[in-house]
Colleague: 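Before I ask anything, here is the structure I am working with.
In what follows, chains are A, B, ... by sequence order, proteins preceding strands, each numbered from 1.
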Protein chains: 2
Amino acid sequence: MSSETPAADRTPGSGRTADDGAARQPGMADVARLAGVSAQTVSRTLAGHPNVQHATRAKVLAAVEELGYRKNNAARVLSSGRSRTIGVVTLRTTFYSRANLLFGIEAAAREAGYAVSTAATASLDTAAIEGALSRLAEQDVEGVVLSVPLVHVSPRIERLTRSVPTVTVDGSRTPATEVVAVDQTLAARLATRHLIELGHETVWHVSGPPEWLDAASRCAGWRDTLEEAGLSVPPVLEGDWTPASGYRNGLVLAKIPDVTAVFVASDEMAFGVIRALHEAGRRVPRDISVVGVDDIALAEYCSPSLTTVAQPFAEMGALAVAHLLRHIADPGAAPEPASVEPVLVVRASTAAVGGGPEARRS
Amino acid sequence: MSSETPAADRTPGSGRTADDGAARQPGMADVARLAGVSAQTVSRTLAGHPNVQHATRAKVLAAVEELGYRKNNAARVLSSGRSRTIGVVTLRTTFYSRANLLFGIEAAAREAGYAVSTAATASLDTAAIEGALSRLAEQDVEGVVLSVPLVHVSPRIERLTRSVPTVTVDGSRTPATEVVAVDQTLAARLATRHLIELGHETVWHVSGPPEWLDAASRCAGWRDTLEEAGLSVPPVLEGDWTPASGYRNGLVLAKIPDVTAVFVASDEMAFGVIRALHEAGRRVPRDISVVGVDDIALAEYCSPSLTTVAQPFAEMGALAVAHLLRHIADPGAAPEPASVEPVLVVRASTAAVGGGPEARRS
DNA sequence: GCAGAGGATGTTATCGATGCCAATGGGTCG
DNA sequence: CGACCCATTGGCATCGATAACATCCTCTGC
């Protein structure tokens with residue numbers, strides 16, 4: 001970085017050579033010259049400013065085309081103070097839901113003329129998230145979507161979110177942050193109620209890691225629904241979102257004769273659960289009904305196809321971006337949490353209790 | 001965009017107000033003043049330049065900390081001509097493989113001190129890709145990873161890749177582009193050979209859309225392997241990567257009595273195929289063996305667990321980024337294709353022909 | 001037919017950090 | 001003991017585009 005000045009024929013900036021072969025990228029000034037107007041007019045034309053004559057605009061555009069001119073974003077940002085970029089902090093995992101959300105956000109951002117810069121973190125650990133947030137902040141993003149289910153908000157994160165408009169997706173809110181979330185409590189209620197209505201005496205639950213806010217909400221929704229129905233609440237089996245953890249918990253469930261219905265906090269874990277149940281000789285849904293959450297593409301194609309609660313990811317992304325942009329435009333506006341509703345998708349992994357002729361009872 | 005000048009009390013740049021409440025972001029000059037050094041020294045300190053005395057460095061860092069100073073990226077980019085950002089063009093689909101690759105790239109880029117800007121495209125259609133590429137180019141990215149399996153390269157894409165260093169992942173190469181790819185032909189060979197070795201008379205194939213280069217390569221690898229083994233090559237069944245398309249093709253396969261082995265071009269489609277076979281009363285792997293590609297997390301947890309060909313996504317991402325950075329550093333270097341090797345993972349969806357006592361023959 | 005309004009353009013200052021070069025000062029080598 | 005070198009640090013110009021302000025010009029309306 002310091003020892004790179006072989007010859008001394010370089011112009012200060014860009015590291016481009018004075019005037020040897022490689023044609024330098026044309027600048028606005030070049031376009032202006034070619035079009036016979038001022039740089040300012042070029043700028044106005046390209047910004048879609050109204051007060052430019054058709055003829056002039058045409059000349060400018062022609063020049064742009066001819067030179068293959070391309071705006072220099074850095075200069076634009078520096079000068080205008082607006083980067084038209086938002087950052088997204090996301091998890092490096094491939095858990096379906098988060099990855100999908102990213103695309104929802106990207107689409108909505110583009111729609112609004114914003115670019116998206118991604119910072120993935122491998123863990124939920126505070127330092128990692130701080131790092132990601134801070135990398136983004138240094139990139140002049142105008143705002144950040146924290147697509148990370150953080151429950152604990154460190155002071156440093158709090159400080160960062162205070163200097164950069166932030167929207168949290170499915171996470172805790174900081175004083176300066178808006179939250180957009182799928183109503184996970186409702187998701188759990190839908191699933192649990194569905195099972196209760198099928199006549200199950202109670203519903204077991206395989207949860208996500210408790211540090212994840214959505215996992216916690218689903219767990220709460222499940223518990224509340226059972227209690228409201230006056231049913232007993234079995235102990236929670238804890239998973240980590242992976243199919244493997246579902247499998248482990250499924251083996252446990254298979255050993256408990258009482259179990260007739262399970263609400264699993266994600267489809268991927270549900271696959272694991274079902275697998276384990278099958279191996280243990282319990283039929284789904286005849287012996288045990290299973291409901292997942294997410295509605296991943298494969299949910300419909302496993303056997304049995306999975307009853308699950310679908311989450312509107314694209315909508316979420318759009319909502320998050322909309323909130324963020326509003327917040328950027330008017331930093332004064334009071335944060336206003338928003339949530340979107342999940343939808344129960346009934347397939348073949350759930351059935352009335354005792355599916356067969358003989359009713360299974362505790 | 002044009003009608004936004006309600007009051008006229010704004011300083012030219014940053015849209016920050018002259019001197020009302022809101023403290024403006026501190027600049028390098030502020031830090032320099034507080035630390036009692038020149039702005040230049042601050043710059044050097046922050047850039048990790050070697051020739052700065054410890055005492056000075058400490059003073060500067062203290063001042064930075066106190067003011068909560070944050071480098072202005074736009075200015076740095078404008079001045080240095082280096083954005084330290086690479087762009088990734090990816091597909092908006094949630095097909096496991098691509099999403100995963102994105103994270104691999106992000107991780108490798110971060111490792112190298114680069115930020116990542118994402119542009120997702122909804123389709124493979126040339127215009128969409130051009131758009132994504134061009135959005136990225138306008139963001140001053142130093143290079144682009146085209147994580148899109150394009151087969152056809154339009155002149156405009158070609159022009160763009162000429163002005164921005166580009167690495168294509170699993171795609172066609174343009175004259176100015178490097179290609180990094182998983183050896184999909186090998187993936188197909190591994191899968192096909194595995195099935196042949198199990199004694200199957202031939203292997204059927206459910207492919208991805210032929211416009212996808214990786215789909216085409218897998219198909220070619222499969223065909224070649226069969227031919228080399230002197231086996232007959234059945235017609236190709238074409239899918240579109242979705243589980244649904246796998247299901248449709250599975251229904252077809254189930255009607256053909258000859259079929260004992262199927263190589264499916266993706267795990268997600270394989271799930272669909274297996275589902276259809278089950279519904280049609282064909283057992284996997286007893287009646288029909290199935291191999292997928294990707295090794296998604298769920299592959300191990302469906303029933304039967306899926307034999308598949310794993311792709312080293314993280315490695316791919318790292319390789320792509322490494323190539324890209326090399327290409328950025330030395331634009332003259334000749335493009336040099338690279339590929340990484342997939343690995344066969346044998347699970348329970350494949351078995352020796354006629355799994356049971358009675359051997360099945362054509 | 002002339003003044004004023006407003007549209008279309010040009011001019012200039014500026015955003016914030018960096019690269020080059022000069023200047024300073026302590027030490028080394030002959 | 002003097003010339004020279006290297007380590008540190010400051011000064012200045014500069015990257016490319018935009019906001020604000022100044023101009024110039026061409027229409028209206030009276």
Colleague: Could you tell me the separation between the CD atom of B:E158 and the CD atom of B:E130, rounded to the nearest 0.5 Å?
Modeller: 11.5 Å
Colleague: Would you please test A:T41 and A:H49 for side chain to side chain contact (heavy atoms under 4.5 Å, CB included) and show each step?
Modeller: CA-CA 9 Å; A:T41 302; A:H49 201 92; over 6 Å; no
Colleague: When the distance from CG of A:D140 to C1' of C:dC15 is rounded to whole Å, what number comes out?
Modeller: 11 Å
Colleague: Output the rounded distance in Å from CD (A:Q40) to C1' (D:dC24).
Modeller: 16 Å
Colleague: I need the CZ-P distance between B:R84 and C:dA17, as an integer number of Å.
Modeller: 18 Å
Colleague: In Å, rounded to the nearest 0.5 Å, how long is the span from CG of A:D140 to CG of B:N72?
Modeller: 4.5 Å
Colleague: Please determine whether a side-chain nitrogen or oxygen atom of A:S79 lies at a distance below 4.0 Å from atom OP1 or OP2 of D:dA17.
Modeller: no
Colleague: So which protein N/O to nucleotides 5-8 of chain D N/O distances come out below 3.5 Å?
Modeller:
residue	atom	partner	partner atom	Å
D:dT8	OP2	B:N51	OD1	3.4

Colleague: Specify the separation, in whole Å, of atom CG of A:L46 and atom P of D:dT18.
Modeller: 8 Å
Colleague: Could you please name the option among D:dG10, C:dT18, C:dA17 that lies closest to any side-chain atom of B:V37?
Modeller: D:dG10
Colleague: Show me the pairs that pass side chain to side chain donor-acceptor pair (under 3.5 Å) and involve residues 56-71 of chain B, at least two apart or across chains.
Modeller: none
Colleague: Go through C:dG16, C:dT18, D:dT18 for me and flag the one nearest to the A:R76 side chain.
Modeller: D:dT18
Colleague: Between C:dT18, C:dT9, C:dC15, which nucleotide gets closest to the side-chain atoms of A:T41?
Modeller: C:dT9
Colleague: Measuring to OP1 and OP2 of C:dA17, would you say a side-chain N or O of B:Y69 lies under 4.0 angstrom away?
Modeller: yes
Colleague: Side chain of A:A75 only, please: which of C:dA17, D:dA19, D:dA17 is the nearest?
Modeller: D:dA17
Colleague: So, B:E142 and B:R84, do they make that salt bridge, N to O below 4.0 Å?
Modeller: no
Colleague: Can you tell me how far CG of B:L146 sits from CG of B:L136, rounded to the nearest 0.5 angstrom?
Modeller: 9.0 Å
Colleague: Rounded to the nearest 0.5 Å, how far apart are CG of A:N73 and CG of A:L78?
Modeller: 11.0 Å
Colleague: Rounded to whole Å, how long is the line connecting atom CZ of B:R33 with atom P of D:dG11?
Modeller: 13 Å
Colleague: Send over the distance from B:K71 NZ to C:dG16 P, rounded to a whole Å.
Modeller: 16 Å
Colleague: Whole angstrom is fine here: how far is it from CZ in B:R44 over to P in D:dG10?
Modeller: 8 Å
Colleague: State which of D:dT18, C:dT18, D:dA17 makes the closest approach to the side chain of A:N72.
Modeller: D:dA17
Colleague: In this structure, how many angstroms lie between the C1' atom of C:dA13 and the CG atom of A:L78, rounded?
Modeller: 13 Å
Colleague: Can you tell me if the side-chain N/O atoms of A:S80 get under 4.0 Å from OP1 or OP2 in D:dT18?
Modeller: no
